[in-house]
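Worksheet: the structure to be examined is printed underneath.
The first residue in the sequence is number 1, and the count goes up from there.
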Amino acid sequence: MKPNRAPTWRVSAAALVAIATLSGCATNNPRDPLEPYNRAMFKVNDTIDEVALKPVATAYKKVLPSFVQTGVNNFFGNLSDVWTGANNLMQGKGEQGMSDWTRVALNSTFGIGGLFDIASEAGLKKHNEDFGQTLGYWGVPSGPYLMLPLLGPSTVRDTSGLPVDMAANGWSYVDPSRTRNIGTAVRVIDTRANLLDASNLLEGAALDRYEFIRDGFLQRRQSQVFDGESSRKALKEANEGPADAKSIRAAYADDAPATDAAPAATPTAPAPTPAPEAAPAAPAVSSETPSK
């Protein structure tokens, strides 16, 4: 008679849930309540990177001439400018959005399909925006920190925006699929090659790499969402400045005492009283009277 394995399976599942629950309670960081899972996924990603991605990216950087690497980076950067411009417009930043699309027009034509970044030389600054940043700009909270398989650091909000970003990626519609897959692999390798120096420096530092990457990502992400400000309100105030005379006076509150002190000096206005000193001029007239 075969033993019934169903109860064993249920017990094992319950044990795993209990372990995950207890380990989840062990973290004290409110931004990272999923830390046990995130650390495990970080180790998986780190292993894949060390075994496969980093060696290929190192060979890519050593073998290919620098101008070829620059061309690859420019080409995919030009494609991303299309979606960046759309996100800037969705955030109400019309000037930046039109600048991004102007970059695409210049680089796609005079830059030979984006291989040359003519727009940057013309003074058009490159931006980097995605749908997660657009959601954050309009007040959607970031939610917990989340380490994604292969994709790396993210948040719950940014992860929810990934399907939109993927659908808006022009390269995902390239046919045939073989060309699309090769291009995607080259793009990933090129991105990893650009991070080699930073990753080597991080690996040589004596610190908790998981915490360093997490805290750095969250801080950088907030800066990206609000263009360097701490919140959307601060960004709006920075763009608009003081709205009226009251806010201007509040901005220069340190100068208020000097301004208020001026009216106190007005009682000295009767300074014209020295006029009585003109009375001594009368003797001059009287000196002429004897001559009559």
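- Donor-acceptor pairing under 3.5 Å is lacking for the side chains of Asn169 and Ser172.
- A donor-acceptor pair under 3.5 Å is absent between the side-chain atoms of Asp100 and the main chain of Asp81, judged by distance alone.
- For Asp190 (side chain) and Val186 (main-chain N/O), no donor-acceptor pair under 3.5 Å exists by modelled atom type.
- Annotation for Ala193 and Tyr60: closest pair CB-CD2, 3.7 Å, computed over non-hydrogen atoms.
- The closest donor-acceptor contact from the side chain of Arg157 to the backbone of Gly143 lies at 3.5 Å or more, if one exists at all.
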- Task: Start with the C-alpha distance between Lys61 and Asp197, add both sets of side-chain angles, then the distance that settles salt bridge (charged side-chain N to carboxylate O under 4.0 Å, His left out), and finish with yes or no.
- Result: CA-CA 11 Å; Lys61 192 169 185 178; Asp197 294 338; 3.6 Å; yes

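- No donor-acceptor pair closer than 3.5 Å links the side chain of Ser99 to the backbone N or O of Glu95.
- Here Asp215 pairs with Arg31 under the salt bridge (Lys or Arg N to Asp or Glu O under 4.0 Å) rule; sequence neighbours left out.
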- Task: Just do the side chain to side chain contact (heavy atoms under 4.5 Å, CB included) check on Met41 and Leu148 with the steps written out, would you?
- Result: CA-CA 7 Å; Met41 186 54 62; Leu148 299 178; over 6 Å; no

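- Rounding to the nearest 0.5 Å gives a distance of 9.5 Å between CD1 of Ile48 and CG of Leu53.
- The side chain to side chain contact (heavy atoms under 4.5 Å, CB included) test applied to Phe42 returns Met147, Arg209, Tyr210, Ile213, not counting sequence neighbours.
- With Asn107 contributing its side chain and Ile118 its backbone, the two residues share a donor-acceptor pair below 3.5 Å.
- Checking Thr84 against Glu129 by side-chain atom types alone, no donor-acceptor pair falls below 3.5 Å.
- At least one donor-acceptor pair closer than 3.5 Å links the side chain of Asn45 to the backbone N or O of Leu150.
- The closest side-chain donor-acceptor pair between Ser154 and Arg221, if any, does not fall under 3.5 angstrom.
- Hydrophobic clustering keeps Val82 apart from Val72 (ILVMFWY residues linked when any side-chain heavy atoms are closer than 4.5 Å, directly or through intermediates).
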- Message: Pair Thr155, Phe217 - check side chain to side chain contact (heavy atoms under 4.5 Å, CB included), show working.
- Response: CA-CA 10 Å; Thr155 62; Phe217 171 82; 4.1 Å; yes

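- Side-chain contact between Leu162 and Leu151 is present, with at least one heavy-atom pair separated by less than 4.5 Å.
- Enclosure of atom CZ in Arg220 is not indicated, since only 12 or fewer non-hydrogen atoms of other residues, nucleotides or ligands lie within 6.0 angstrom.
- Under a 3.5 Å cut-off, the side chain of Asn78 and the backbone N or O of Asn74 do not form any donor-acceptor pair.
- Leu135 and Val156 are members of different hydrophobic clusters when ILVMFWY side chains are connected at heavy-atom separations under 4.5 Å.
- Judged by distance alone, with hydrogens and angles left aside, the side-chain atoms of Asn38 form a donor-acceptor pair with the main-chain N or O of Tyr145 at under 3.5 Å.
- Checked by atom type and distance alone, the side chain of Gln133 pairs as donor or acceptor with a backbone atom of Gln224 at under 3.5 Å.
- The main-chain N or O of Leu106 is found under 3.5 Å from a side-chain atom of Thr109 such that the two form a donor-acceptor pair.
- For the atom pair Leu146 CG and Leu34 CG, the distance stands at 6.5 Å (nearest 0.5 Å).
- Across all their heavy atoms, Arg103 and Asp117 have their closest contact at NH2-OD1, 3.3 Å.
- The side-chain heavy atoms of Thr179 and Pro176, taken from C-beta on, include a pair separated by under 4.5 Å.
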